[in-house]
Structure formats: C-alpha cells, structure tokens
Amino acid sequence: MLRLRCLLLTGCHSLPFKHQFYPSPIISCSSSIRSMSYATQPSSKKLLFRQLFEKESSTYTYLLADASHPDKPALLVDPVDRTVDRDLSLVTDLGLKLVYAINTHVHADHVTGSGLIKTKVPGVKSIISKASKASADILVEAGDKIQFGDLYLEVRATPGHTVGCVTYVTGDGPDQPQPRMAFTGDAVLIRGCGRTDFQGGSSKQLYESVHSQIFTLPKDTFIYPAHDYKGFTVSTVGEEMLYNPRLTKDEETFKSIMENLKLSYPKMIDVAVPANMICGLQDLESKAA
C-alpha cells in the first residue's frame, strides 16, 4: 500500500560491472522534488530510493543506493543537466557514493546530466545502451546487470520510442526488493507511452517491446517512467495492462493511434539529441575546441 506524505527536501568510485531489491513504498513530494523511500523486509538488502522531478521537461530522475553496503554505492537514472547540483547535493546529504549515471535512451526533450556529473564527481561511470550508438563509459545490452553493492538492475531492450531504449528492472530474488521496480524511460508512461515518429521510432516495435519485456513482469511490479505531465508518480504493470489507453489496444489499433497523434516538433530536439549522443558534454567540448 502506498502512503502519501508531503515534505520538502533540499537538495566514488566505480564498482565491478557485472550485473540486485525490496520495497513497501512511502511517497514524499514537493513542487520540485518527489522522493520515495522503501522499508525493507528483514531478509532483504536495504534499498534507498528517491524520485526527483525536473519541471521544465517534466522529467523524473531516480536515485537508488544500497544503504546496507559499507560504501553505500548509488546510481542516478536519467539525470538532467539543470538539476545536477540538486541531485549531487542530495547524494552528499545522504552519505552515498555515486557510482553510475545511467540513461534509458537518448532523450530529445532535455540534456542529460551524465556528462556534467562526471566532471563534478571523479570516478562516476556513464551508462547507455549500445543500440543507441551514443557515447558512454559502459554500453549495455539486453541481459546485462548493473551492480551497485549487493543490488542490481537488469537491462531489458525496449526499442520503439527510439532504437536504443532500454528498461532497467530491479533484481529478482529473496535478497532483492519486492515488488520489483521497472524504470521504463519513455517506453511506458503512466496511462501512455512515448511517441514513435522520430529517432528511428517504430510503433510496431514499441508495442512488441512493451508486451514482451514489460507486461511479462509480475503485475505488482512498480513502473517508474522518465516523464509525467499530469502529476502521477508511479504505476504498476497490472494497472497499465488494464488502463493504459494505448497499450491495452490490439497492435493495429495501437499503430493507428500512434500514427495520428499529430504532435508538434519537440522544441529541444535539435539541442538535446546531439548533446546526448556525447553524454551531454557538447558545450564543454565546443569550449575546449
């Protein structure tokens, strides 16, 4: 059961890369930061979890850490350049050691904070999918595991919004958080999904990805998307299988819906995509040249 509670929050080295979680959520929220922490069952490792929000692009950044590990290794999922200082301040406040800055895909609506984080915290490794053809310290593929302490994220390929989209899912096992958590990027949004009309997108591919890689997870798996435009913070696989107005349709109907969205050209795409292909370091590289 989710218990809502509002409060105001203010506000390394690399671990071996071979690729573990356990929750009963409590949501805390403010206008700029929404956080969620999880109480763990005695047999599990303790997961520290925060959900953070960037209002200009309506982007969620997620902070996860193994709080029971001596080093308290942590990672950030989908960091945004505008909120890097806020996120790093929170990492410091919580006594964590940031290990990875990872992206679900090459975003078109904001510049990733991964590169900026690397300049501020030596030793942090950036991660993105190999299929994205973007630059990062570590390029992952389906089946890889991203280890932080005794916890890990499993990589699932979920192309369709872009060719390089992946979903990161918390580990499966008695020492990992239950229910599981899926960080779906733009593949599945709460009662929606990402558009498929640019960056090699394909409505057919997205439909197949979601139904084979996300909707096959246990129904109580929490879904944490990269964006939300209506104030929702979390859903579940079971909810989206019942109530998602696009992904509950048959494939042909879904394709028709996606082909007739008539969305405007993303205002940040010409800046964000080139920058995100090089880990968000475009401005730094141009100044160096």
Side-chain angles (χ1 to χ4, degrees), residues 12-15 17 19 52-54 56-64 74-88 91 98-142 144 146 148 153 155-168 183-187 194-202 205 225-227 265-289:
C12 296
H13 71 165
S14 129
L15 294 180
F17 180 71
H19 329 279
L52 310 170
F53 189 67
E54 195 284 306
E56 294 300 319
S57 60
S58 298
T59 298
Y60 285 124
T61 296
Y62 300 97
L63 173 65
L64 295 84
L75 56 81
L76 284 164
V77 180
D78 287 334
V80 180
D81 62 343
R82 293 188 183 102
T83 49
V84 161
D85 288 340
R86 177 202 67 185
D87 298 349
L88 293 181
V91 168
L98 191 61
V99 176
Y100 297 124
I102 74 181
N103 283 283
T104 53
H105 63 290
V106 174
H107 299 275
D109 51 11
H110 68 270
V111 175
T112 178
S114 296
L116 189 54
I117 288 170
K118 283 167 56 61
T119 68
K120 292 175 176 283
V121 185
V124 171
K125 302 292 185 183
S126 58
I127 299 177
I128 201 166
S129 72
K130 184 177 181 180
S132 70
K133 301 189 184 306
S135 300
D137 296 308
I138 298 169
L139 301 176
V140 293
E141 298 179 272
D144 285 345
I146 302 169
F148 56 110
L153 296 179
V155 180
R156 293 191 172 209
T158 50
H161 170 60
T162 75
V163 293
C165 286
V166 294
T167 291
Y168 299 107
F183 300 93
T184 55
D186 287 20
R195 62 196 292 176
T196 58
D197 58 338
F198 61 84
Q199 289 181 272
S202 163
Q205 197 171 40
H227 305 281
Y265 190 72
K267 63 180 182 179
M268 279 288 292
I269 189 171
D270 294 329
V271 173
V273 170
N276 291 337
M277 290 296 290
I278 54 173
C279 205
L281 291 172
Q282 188 181 49
D283 289 343
L284 295 177
E285 289 199 355
S286 62
K287 288 175 184 175

Exercise. Would Thr184 and Thr158 satisfy side-chain contact (heavy atoms from CB on, under 4.5 Å), going step by step from the backbone distance to the final call?
Worked result: CA-CA 8 Å; Thr184 55; Thr158 50; over 6 Å; no
Exercise. Please walk me through it: do Lys120 and Lys118 pass side-chain contact (heavy atoms from CB on, under 4.5 Å)?
Worked result: CA-CA 5 Å; Lys120 292 175 176 283; Lys118 283 167 56 61; over 6 Å; no
For this session: Would you mind reporting whether Leu153 and Tyr100 have side-chain heavy atoms less than 4.5 Å apart?
Result: no
For this session: Grab the two heavy atoms, one from Gly160 and one from Gln205, that are nearest each other, plus how far apart they are.
Result: N-OE1, 3.9 Å
Exercise. Should Ser57 and Met268 count as side-chain neighbours, where that means a heavy-atom distance under 4.5 Å?
Worked result: no
Problem set entry | Minimum heavy-atom distance Val106-Ala134, with the two atoms named | CG2-CB, 3.9 Å
Exercise. At their closest point, which heavy atom of Pro225 faces which heavy atom of Tyr62, and how far apart are they?
Worked result: O-OH, 2.6 Å
Exercise. Relative to the ring of Tyr60, is the ring of Phe53 parallel (under 30°), tilted (30 to 60°) or perpendicular (over 60°)?
Worked result: tilted
Problem set entry | Val111 vs Asn276 side-chain heavy atoms within contact, under 4.5 Å | yes
For this session: Side-chain contact test, heavy atoms from C-beta onward, threshold under 4.5 Å: evaluate it for Pro79 versus Asn103 and give yes or no.
Result: yes
Exercise. Taking the side chain as C-beta and beyond, is there a heavy-atom pair between Leu63 and Asp87 under 4.5 Å?
Worked result: no
Problem set entry | Side chain proximity check, Glu56 to Val80, heavy atoms < 4.5 angstrom | no
Exercise. Does Ile102 reach the side chain of Ile146, with side-chain heavy atoms less than 4.5 Å apart?
Worked result: yes
Problem set entry | CA sep, side-chain torsions, deciding dist, call: Phe183, Asp78, side-chain contact (heavy atoms from CB on, under 4.5 Å) | CA-CA 9 Å; Phe183 300 93; Asp78 287 334; over 6 Å; no
Exercise. What is the minimum heavy-atom distance between Ser135 and Ile128, and which atoms define it?
Worked result: O-CG2, 4.4 Å
For this session: Please lay out, stage by stage, how Val77 and Thr104 fare under the test side-chain contact (heavy atoms from CB on, under 4.5 Å).
Result: CA-CA 7 Å; Val77 180; Thr104 53; 4.2 Å; yes
Exercise. Would you say the side chain of Leu88 lies within less than 4.5 Å of the side chain of Val121, judging by non-hydrogen atoms?
Worked result: yes
